[in-house]
Amino acid sequence: MAANRKLVSAFFAFVFCAAVSDISAQDKPLFSEYKGVTIGMPMVDARAKLGKAAEQTDAEDYWEFAKDESVRVLYGPDKMVRAISINYDANQAGAPTALIVFGKEVNAKPDGSMHKMVEYNKAGFWISYVRTAGENAMVIVTLQKMEKR
């Protein structure tokens with residue numbers, strides 16, 4: 001289980017770097033929260049909305065809601081939510097599509113994978129959508145606070 005999460009985290013870091021090339025600026029995100037947790041929310045409020053975490057530290061918490069859905073919430077030094085990364089089994093009915101996240105489809109690569117990142121400057125965060133390839137495909141939706149430029 002821990003090895004799987006490390007693999008997902010490493011994969012996410014790789015995909016994020018690849019997704020940066022697909023940045024466009026939008027005003028209002030369609031997908032802006034997970035189970036009531038939003039970017040900039042106090043840690044105590046995020047924990048109240050999501051319940052007891054499987055793993056909990058001052059920097060991040062991890063919840064596994066089902067074998068096919070989990071979320072990691074990261075906190076800044078101010079104890080406010082700075083990132084939300086949700087992992088879904090791509091084959092389950094609850095996994096969001098790019099259409100749900102962005103309001104438009106994303107073209108899949110020949111292997112079936114896809115990725116897109118959009119910055120929402122007015123909202124102060126970006127959203128990344130990743131769908132991996134293969135029969136055990138995953139969907140990873142990440143919202144992260146943008147650093148002030």
Practice task
Starting at CH2 of Trp63, measure out to NZ of Lys52 and round the result to the nearest 0.5 Å.
Solution key: 10.5 Å

Practice task
Fit a plane to each ring of Phe102 and Tyr129, take the angle between them on a 0 to 90° scale, and name the class: parallel (under 30°), tilted (30 to 60°) or perpendicular (over 60°).
Solution key: perpendicular

Exercise for the section: To the nearest 0.5 angstrom, please state how far the CG atom of Leu143 sits from the CD1 atom of Ile86. Expected result: 5.5 Å

Exercise for the section: Would you tell me whether Ser85 and Thr142 have side-chain atoms, one donor and one acceptor, within less than 3.5 Å of each other? Expected result: yes

Handout entry: Enclosure of Asp78 CG (heavy-atom neighbours >12, cutoff 6.0 Å)
Key = yes

Handout entry: Student check: side-chain heavy atoms of Glu119 and Met146 closer than 4.5 Å
Key = yes

Exercise for the section: Look up atom CG in Asp45 and atom NZ in Lys79, then write down how far apart they are to the nearest 0.5 Å. Expected result: 14.5 Å

Problem - Exercise: identify the closest heavy-atom pair between Val141 and Ile127 - result: CG1-CG2, 4.2 Å

Problem - Spatial distance of atom NZ (Lys122) from atom NZ (Lys28) [nearest 0.5 Å] - result: 11.0 Å

Problem - Check: Gln144 and Ile39 side chains under 4.5 Å, non-hydrogen atoms - result: no

Handout entry: From CZ (Arg131) to NZ (Lys109), nearest 0.5 Å
Key = 14.0 Å

Exercise for the section: Answer with yes or no whether the hydrophobic clustering places Ile84 together with Leu30; edges join I, L, V, M, F, W, Y residues whose side-chain heavy atoms lie under 4.5 Å apart. Expected result: no

Exercise for the section: Give the cluster check for Ile140 versus Ile100: same hydrophobic cluster or not, with ILVMFWY residues linked at side-chain heavy-atom distances below 4.5 Å. Expected result: no

Exercise for the section: Determine, stepwise, if the pair Asp58 / Tyr75 fulfils side chain to side chain contact (heavy atoms under 4.5 Å, CB included). Expected result: CA-CA 7 Å; Asp58 285 343; Tyr75 308 104; over 6 Å; no

Exercise for the section: Decide, yes or no, whether a salt bridge links Arg47 with Asp61 under the criterion of side-chain N to carboxylate O below 4.0 Å. Expected result: yes

Practice task
Please report the C-alpha distance between Leu50 and Lys35 in whole Å, then the side-chain angles of each, then the deciding distance to 0.1 Å, and finally whether the side chain to side chain contact (heavy atoms under 4.5 Å, CB included) criterion is met.
Solution key: CA-CA 7 Å; Leu50 296 175; Lys35 297 185 184 271; 3.7 Å; yes

Handout entry: Atom pair CE (Met138) and CG (Asn87), whose distance is rounded to the nearest 0.5 Å
Key = 4.0 Å

Handout entry: Smallest separation among heavy atoms of Pro29 and Ala123, with atom names
Key = CD-CB, 4.0 Å

Practice task
Verify the distance criterion only: is there a donor paired with an acceptor across the side chains of Tyr62 and Glu64 at less than 3.5 Å?
Solution key: yes

Handout entry: Verdict with supporting geometry, Glu60 and Arg72, side chain to side chain contact (heavy atoms under 4.5 Å, CB included)
Key = CA-CA 7 Å; Glu60 64 183 82; Arg72 185 169 302 277; 2.6 Å; yes

Practice task
Report whether Tyr120 and Phe31 are members of the same hydrophobic cluster (ILVMFWY, side-chain heavy atoms less than 4.5 Å apart, transitive linking).
Solution key: yes

Exercise for the section: State, with a plain yes or no, whether a side-chain heavy atom of Lys116 is found less than 4.5 Å away from one of Val118. Expected result: yes

Exercise for the section: Please check if Leu74 and Trp126 belong to a single hydrophobic cluster, counting links between Ile, Leu, Val, Met, Phe, Trp and Tyr side chain heavy atoms closer than 4.5 Å. Expected result: no

Exercise for the section: Show your reasoning for whether side chain to side chain contact (heavy atoms under 4.5 Å, CB included) applies to Glu33 and Val37. Expected result: CA-CA 5 Å; Glu33 55 91 18; Val37 176; 6.0 Å; no

Handout entry: Side-chain touch Asn107/Met114, heavy atoms, less than 4.5 angstrom
Key = no

Practice task
Of all the heavy-atom pairs spanning Pro96 and Tyr88, show the shortest one and how long it is.
Solution key: CD-CE1, 3.3 Å

Exercise for the section: Treating Ile, Leu, Val, Met, Phe, Trp and Tyr as nodes and any side-chain heavy-atom pair under 4.5 angstrom as an edge, say whether Val101 and Val106 lie in one connected cluster. Expected result: yes

Exercise for the section: Check whether NZ of the Lys or CZ of the Arg Lys49 lies under 6.0 Å from the centre of the six-membered ring of Tyr34 and within 45 degrees of that ring's axis. Expected result: no

